[in-house]
Amino acid sequence: MQDTYTTGAEIKAAPRRLPPEVNILFVLVGIALVFEILGWIFQGQSFLMSIDRLKIMILQVSVIGIISVGVTQVIIAGGIDLSSGSVVGAVAMFAMSFAQVSTYARAVYPDLTDLPAIVPIALGLMAGALVGLINGALIAYAKIPPFIATLGTMVTARGFAKWYTKGQPISFPTDDFAFIGKGMMPVAIFLAVAAIFHVAMKYTRYGKFTYAIGANQQAARVSGINVEHHLIKVYVVAATLAALAGMVVAARGQTAQAGMGLAYELDAIAMAVIGGVSLTGGRGSILGTMIGMVIFGVIISGFTFLRLDAYYQEMIKGVIIVAAVVADVYRQKKRTKKS
Amino acid sequence: MLDATLSTTGAQGRRHYDGEFILEVDGVRKEFPGVVALDNVQLKIRPGSVHALMGENGAGKSTLMKIIAGVYNPDRGEVRFAGEKLVIRTPIDALNCGIAMIHQELNLMNTMTVAENVWIRREPKGAFGLIDHARMGTMTAELFASLNIHLDPLAIVGDLTVAQKQMIEIAKAVSYNSDVLIMDEPTSAITETEVEHLFAIIRDLRARGVGIVYITHKMNEIFEIADELTVFRDGKYISTVPASEVTRDDIIRMMVGREITEMFPKVDCPIGDVILDVQNLSLPGVFDNISFKLRKGEILGVAGLVGSGRSNVAEALFGVHPAETGDIWIDGEHVVMTSPQVAMDHGLAFLTEDRKETGCFLVLDCLENMQMALITRDKVNGAGFVQQAEVTRLVQEYSAKLRVKTPNLAERVENLSGGNQQKLLIARWLLTNPRILILDEPTRGIDVGAKSEIHRLITALAGQGVAVLMISSELPEVLGMSDRIMVMHEGRVSGFLDRAEATQVRVMELAAK
């Protein structure tokens with residue numbers, strides 16, 4: 001083909017431009033500095049210069065962070081997942097019932113105690129995947145709007161969690177199972193999950209297809225992407241990560257309760273949105289969500305540090321979520337206009 | 001009866017105007033980035049007459065109608081109504097001035113009743129300002145009776161047929177009792193009987209002194225209903241003549257009589273064996289019994305009016321909306337085309353008609369846009385990782401070849417011009433090394449420079465043995481580029497023309513029977 005037409009100039013692959021996540025990073029630094037200053041004014045001490053505080057801060061948001069990674073890729077694909085909080089509760093209960101020790105007299109399955117930790121974990125992940133499969137099939141094949149489909153599974157999964165032991169909490173896991181929630185393990189698991197999906201979204205076909213479907217589903221289909229199959233994968237991943245988060249919470253508290261994970265889905269969505277993930281699909285990144293998650297953490301521990309009422313905390317959280325979206329919309333407008 | 005009902009709803013009655021023209025469009029010019037859509041056009045409508053407005057796709061008819069309806073503002077020139085300059089900002093302004101329009105597409109609310117649709121925004125009010133449904137039903141019944149339409153005012157619109165919906169649109173437009181009624185291809189979705197019914201209504205309105213603008217592609221309708229006709233071509237006014245003084249051929253000549261000014265550098269190249277053989281492809285209600293053969297190195301142009309089923313056939317060939325019956329052979333192999341993946345497996349590529357809707361990933365960058373089709377089948381290792389270095393190199397190579405103008409490959413595609421977006425989409429498909437290339441409106445809405453570059457590229461590809469199926473609404477493009485032309489009319493193939501025998505007039509004759 002080379003001879004048939006004159007060739008234009010070489011086009012550079014990528015420019016030297018700051019990645020969009022830098023903006024969000026600035027917001028994070030700004031918020032952290034505000035708390036630092038307020039800390040010196042009102043508490044007479046530094047907010048950031050405390051390793052313990054930072055550790056607790058990151059630990060607080062890691063579990064929802066795991067969910068948020070899954071939710072991020074769902075939103076990038078142009079969908080939404082409201083079921084993750086309920087999956088946390090349902091899987092916490094389900095997995096825990098296979099993770100109990102034999103010394104506990106009132107185990108859910110007295111014959112199935114002291115199992116190796118891999119068994120409850122595998123069962124929990126499979127249960128999560130099943131919920132994701134249902135979400136994905138409803139959305140991709142039955143063409144039910146993601147909001148409605150996942151609302152349905154959200155209510156159903158919560159119902160399952162309550163029904164499973166008729167509302168009784170499940171406690172006394174084996175040490176092996178409890179290990180996944182111990183110390184800084186939740187943070188380690190979160191970092192591993194985030195790293196895997198950062199790479200997957202950026203460098204693999206899985207990620208490229210996810211962005212393509214969110215950007216323009218019709219164009220994705222015409223380009224030869226099997227949109228239905230891929231959407232199912234995306235929802236399976238999201239629910240599986242929510243299941244993982246559920247087991248981590250249960251392991252950490254050494255108990256599972258039907259109400260666990262209530263409204264986690266909203267926090268997870270909020271983290272993604274603050275991190276620059278666009279609800280219209282096609283835009284955002286795991287890195288952005290991670291920063292969004294830390295912003296969340298800073299706000300929570302900042303308010304605790306300043307000994308402010310938890311009520312203010314929620315109100316401010318709401319304001320920040322909306323502000324983040326407004327800023328994003330404004331930024332997008334500017335970016336489109338300039339050319 | 002009509003006036004009585006309308007006086008209660010606040011719509012003003014028809015005014016009496018004694019001047020020669022009720023609606024005058026004078027020297028109107030409208031420019032869009034890179035395109036002059038209308039250039040100094042005029043249109044003069046007499047009260048109590050039917051005025052046909054004709055022209056090919058892209059002649060500027062719709063743009064003018066949008067100006068009259070207040071959707072666009074003209075850059076120059078003015079629209080006068082009953083002798084006064086008209087300033088219209090919204091469709092409601094137009095209605096209040098006495099101009100009603102029936103759009104080509106139906107604009108009804110499917111979940112509401114017939115009566116609610118007709119009187120929307122003008123509902124009769126009863127006690128406490130609540131809507132008086134009983135009276136609304138009676139008003140609708142009276143309106144329908146005066147137009148001889150037999151429909152239940154309380155039926156849900158969504159349950160009705162397209163033709164019935166069209167009649168509601170017409171009744172709704174008539175109910176405004178306006179001085180000017182604009183109809184944009186009102187017969188495209190209705191059958192012969194309903195056309196007769198519509199014409200009876202039109203004649204009645206004409207007798208009542210309404211000025212009617214009637215846009216159509218159908219020649220026989222002109223002679224049946226129109227008093228005068230105006231022809232536009234390429235955004236320019238050609239002429240206005242009484243319908244009784246022209247023949248069908250005159251009209252066609254006026255519509256297409258342009259010189260081919262752009263260069264269409266089709267170079268003759270050897271044409272090889274049949275690679276695509278389509279037999280009796282049908283999709284009920286959309287296209288019927290389509291058969292053709294496409295050879296290696298051949299450019300088969302597909303002409304026809306918008307709505308003739310051209311794009312639907314292309315979508316069926318690529319498995320986007322598969323046909324119900326019929327057979328497709330590729331290189332002698334019978335292929336059941338169920339999805340784009342199957343099509344791509346057999347070496348097909350499909351540049352869709354609508355860049356924004358089905359082509360570009362607007363919020364993604366150039367690199368992602370260009371590589372997307374390629375990585376669905378190639379350049380990905382076992383673990384699912386895209387072999388990015390190699391793919392990027394290929395993308396760079398093709399964007400240089402196609403002279404895509406972008407600062408870099410990380411630029412978002414929504415910031416590129418239409419021509420560059422189009423080149424980028426072509427690059428997306430060339431990267432898959434197709435054997436059969438389906439191009440639907442490959443140069444729509446792009447500037448002349450990019451256009452000729454794309455034409456050169458298409459020819460070059462044919463020279464390498466790629467079989468090209470090119471759908472286009474631009475006759476010069478079809479005539480200049482194609483080895484053979486397939487003309488479609490209302491979902492059927494109305495004829496094939498060889499390069500040597502094809503002229504604009506002959507294509508139009510087949511396209512607008």
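The structure presented is a predicted model; accordingly, all values stated were derived computationally and were not measured. Sequence lines set the chain letters: A, B, ... in the order given, protein chains first and strands last, and positions in each chain run from 1.
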Colleague: Do A:Arg283 and B:Arg412 come within less than 4.5 Å of each other through their side chains, counting heavy atoms only?
Modeller: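 Contact flag for A:Arg283/B:Arg412 side chains = yes.
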
Colleague: Please look at B:Thr358 and chain A and tell me whether the side chain, the backbone, both or neither of the residue comes under 4.5 angstrom of a heavy atom of that chain.
Modeller: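 Both the backbone and the side chain of B:Thr358 come within 4.5 Å of chain A.
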
Colleague: Tell me, for A:Ala200 versus chain B, whether the close heavy atoms (under 4.5 Å) come from the side chain, the backbone, both or neither.
Modeller: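 Contact with chain B is absent: no heavy atom of A:Ala200 under 4.5 Å.
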
Colleague: Between CD of A:Glu228 and OG of B:Ser339, what distance do you get to the nearest 0.5 Å?
Modeller: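 One gets 10.0 Å once the value is rounded to the nearest 0.5 Å.
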
Colleague: Side chain, backbone, both or neither: which part of B:Arg393 has a non-hydrogen atom closer than 4.5 Å to chain A?
Modeller: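 Nothing of B:Arg393, per the 4.5 Å heavy-atom cut-off to chain A.
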
Colleague: Looking at B:Phe361 and A:Ser223, what are the two nearest heavy atoms and their distance?
Modeller: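 Residues B:Phe361 and A:Ser223, closest heavy atoms: CZ-OG, 4.0 Å.
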
Colleague: What distance do B:Phe385 atom CZ and A:Lys202 atom NZ have between them, rounded to the nearest 0.5 Å?
Modeller: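 So the CZ of B:Phe385 and the NZ of A:Lys202 are separated by 13.5 Å.
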
Colleague: Sub-3.5 Å donor-acceptor pair from the side chain of A:Asn226 to the main-chain atoms of B:Gln341, do we have one?
Modeller: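 Not at all, since once roles are kept as given, no pair shorter than 3.5 Å links the two residues.
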
Colleague: Please give me the minimum heavy-atom distance between B:Gly359 and A:Ala219, naming the atom from each residue.
Modeller: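 Of all heavy-atom pairs spanning B:Gly359 and A:Ala219, the closest is O-CB, 3.1 Å.
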
Colleague: Looking only at atom types and distance, does a side-chain atom of A:Asn216 sit under 3.5 Å from a main-chain N or O of B:Glu357, one as donor and one as acceptor?
Modeller: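 Confirmed, A:Asn216 side chain pairs with B:Glu357 backbone.
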
Colleague: What part of B:Leu367 gets within 4.5 angstrom of chain A, counting heavy atoms only: side chain, backbone, both, or neither?
Modeller: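 Nothing of B:Leu367, per the 4.5 Å heavy-atom cut-off to chain A.
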
Colleague: Atom OH of A:Tyr211 and atom CG of B:Asp365: how far apart are they, to the nearest 0.5 Å?
Modeller: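 Here the interatomic distance stands at 10.5 Å.
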
Colleague: Of the backbone (N, CA, C, O) and the side chain (C-beta and beyond), which part of B:Cys366 lies under 4.5 Å from a heavy atom of chain A, both, or neither?
Modeller: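 For B:Cys366, there is no contact with chain A at all, as no heavy atom is under 4.5 Å.
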
Colleague: Please name the pair of heavy atoms, one in B:Met372 and one in A:Ala212, separated by the smallest distance, quoted to 0.1 Å.
Modeller: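 In terms of heavy atoms, the two residues are closest at CE-CB, 3.4 Å.
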
Colleague: Counting only non-hydrogen atoms closer than 4.5 Å, does B:Lys379 touch chain A with its backbone (N, CA, C, O), its side chain (CB onward), both, or neither?
Modeller: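 It is neither, since no heavy atom gets under 4.5 Å.
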
Colleague: Heavy atoms only: give me the nearest B:Val386-A:Thr204 pair and the separation to one decimal.
Modeller: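 Smallest interatomic distance, heavy atoms only, reads CG2-C, 3.9 Å.
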
Colleague: Flag the one option from A:Lys208, A:Gln217, A:Arg221 with the top tally of heavy-atom pairs under 4.5 Å to chain B.
Modeller: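 Highest number of heavy-atom pairs under 4.5 Å: A:Lys208.
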
Colleague: Would you check, one step at a time, whether the test side-chain contact (heavy atoms from CB on, under 4.5 Å) holds for B:Trp429 with A:Val222?
Modeller: CA-CA 11 Å; B:Trp429 288 113; A:Val222 177; 4.2 Å; yes

Colleague: Check the surroundings of atom CZ in A:Phe147: do more than 12 heavy atoms from other residues, nucleotides or ligands lie under 6.0 Å from it?
Modeller: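 No, not enclosed.
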
Colleague: Would you mind telling me which of B:Val395, B:Thr406, B:Leu364 has the largest number of heavy-atom pairs within less than 4.5 Å of chain A?
Modeller: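 Going by pairs under 4.5 Å, I would pick B:Leu364.
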
